[in-house]
2 protein chains.
Amino acid sequence: MHSEAVASRSADQKDSRESRNGGPQLDAVSLAIIEQLQEDGRRPYAAIGKAVGLSEAAVRQRVQKLLDQGVMQIVAVTDPLTVGFRRQAMVGVNVEGDVESVAEALSAMSECEYVVMTAGSFDLMVEVVCEDDDHLLEVINRRIRAVPGVRSTESFVYLKLKKQTYMWGTR
Amino acid sequence: MHSEAVASRSADQKDSRESRNGGPQLDAVSLAIIEQLQEDGRRPYAAIGKAVGLSEAAVRQRVQKLLDQGVMQIVAVTDPLTVGFRRQAMVGVNVEGDVESVAEALSAMSECEYVVMTAGSFDLMVEVVCEDDDHLLEVINRRIRAVPGVRSTESFVYLKLKKQTYMWGTR
DNA sequence: CCTCCACGTTGCGATATCCGCAGCTTCGGG
DNA sequence: CCCGAAGCTGCGGATATCGCAACGTGGAGG
């Protein structure tokens, strides 16, 4: 599904961005649509169309395609700490062997909300959301460290969320 | 705006969670509404009402209040690396002196998308989104390290986002 | 050069949703 | 007991969403 046959002809001539990551390239209009929805995920299609210079139906189709392709998702986001009784932490992971497979295994855990491969003194950064301290302990010490290839971990328990935005497009 | 006079009367008697974090306490119905919107931020109010046992208008009022209070936001989220040409990194920060004020200063920067106070070998974790390598260098070495109280930083450049979900409520 | 095909776009009607309003009930304080 | 605040419901008009058919454009092939 990701490794489509784009590599044939003169694919090397095109912007290599598409071959490096999964998503198809986005034009300026789709970018503008995403910006609109980053400000307000429920903004009407007609209003978006007026903002980006497109018809309502055109916006609708492009939004649907962006959602289907997994390029973007429209969701409610909260601060779990504010919403209630939960422990949250960022966990740095060091891996020996294949990093991808470890990332895959961690992504399969429902408690891991955010998994990213990094360069630096950690190979992976993982954000975990737990019910309480016992649950957090269990996830970090029994589940994550039990994954084959995990050499060591370091935890940063969240004390307070200070900022959380998704408007990288608008500045 | 944040320091309202809640501290008067018998405030100490109420559940201390509210005084520790910003948000007022949420009942089971609001939680259920949030769960619905975590699955699909554009789900119609009537459908949510049917799912949680409330009228359409009641759902609408609750959602509006949750948005106004800043408890939740309904937005489009993407992987910036997928959407295009950007450098992203997690930055661990060590602080001497007041951590809050440093967090405040970092939150004011538009490149800092995510700022959280932590316990562990970092006092703050900051996610930064940049145009390119030059921009990233500028933000980390000139802007973040220039904030009074910042003792040191360590950077983890994002290579690939593996997982990104917001459905902590549904499991 | 022309034709055909694929894709994105447009306009329009039918349906569903959103929104403001008024009334009703409950709960707590005076 | 009365009163005010807060929450829920039902309703009607304005709006938005959705599916469909038609149009315009650019690329591939004849």
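Convention: sequence-line order gives letters A, B, ...; per-chain numbering from 1.
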Would you find a donor on one side and an acceptor on the other, under 3.5 Å apart, between the side chain of A:S101 and the backbone of A:D98? yes
Under 4.0 angstrom between B:R42 side-chain N/O and D:dT17 OP1 or OP2: yes
Between [X] ([atom1]) and [N] ([atom2]), how many Å, whole number?
X	N	atom1	atom2	answer
B:K65	D:dA6	NZ	P	9 Å
A:Y45	C:dT9	OH	P	15 Å
B:I48	C:dA16	CD1	P	18 Å
B:D27	D:dA6	CG	C1'	13 Å
B:Q36	C:dT17	CD	C1'	17 Å
B:I33	D:dC8	CD1	C1'	12 Å
A:K50	C:dT10	NZ	P	14 Å
A:R43	D:dT17	CZ	P	12 Å

With the threshold set at 4.0 Å, does a side-chain nitrogen-carboxylate oxygen contact exist between [X] and [Y]?
X	Y	value
B:R143	B:E111	yes
A:D134	A:R87	no
B:K163	A:E113	no

Pi-cation contact, A:Y45 with B:R42 (under 6.0 Å, within 45°): yes
Closest listed nucleotide, where the reference is the side chain of [X] and the choices are [options]:
X	options	answer
A:Q61	D:dG7, C:dC18, C:dT10	C:dT10
A:A57	C:dG11, C:dT9, C:dC19	C:dG11
B:A58	C:dG8, D:dT9, D:dC18	D:dT9

Select from A:E56 and B:V29 the residue whose nearest nucleotide in DNA chain D is closer to the 5' end of that strand. B:V29
Classify the nucleic acid contact of A:R60 as base, sugar-phosphate or nothing, counting any heavy atom under 4.0 Å across all strands shown. base
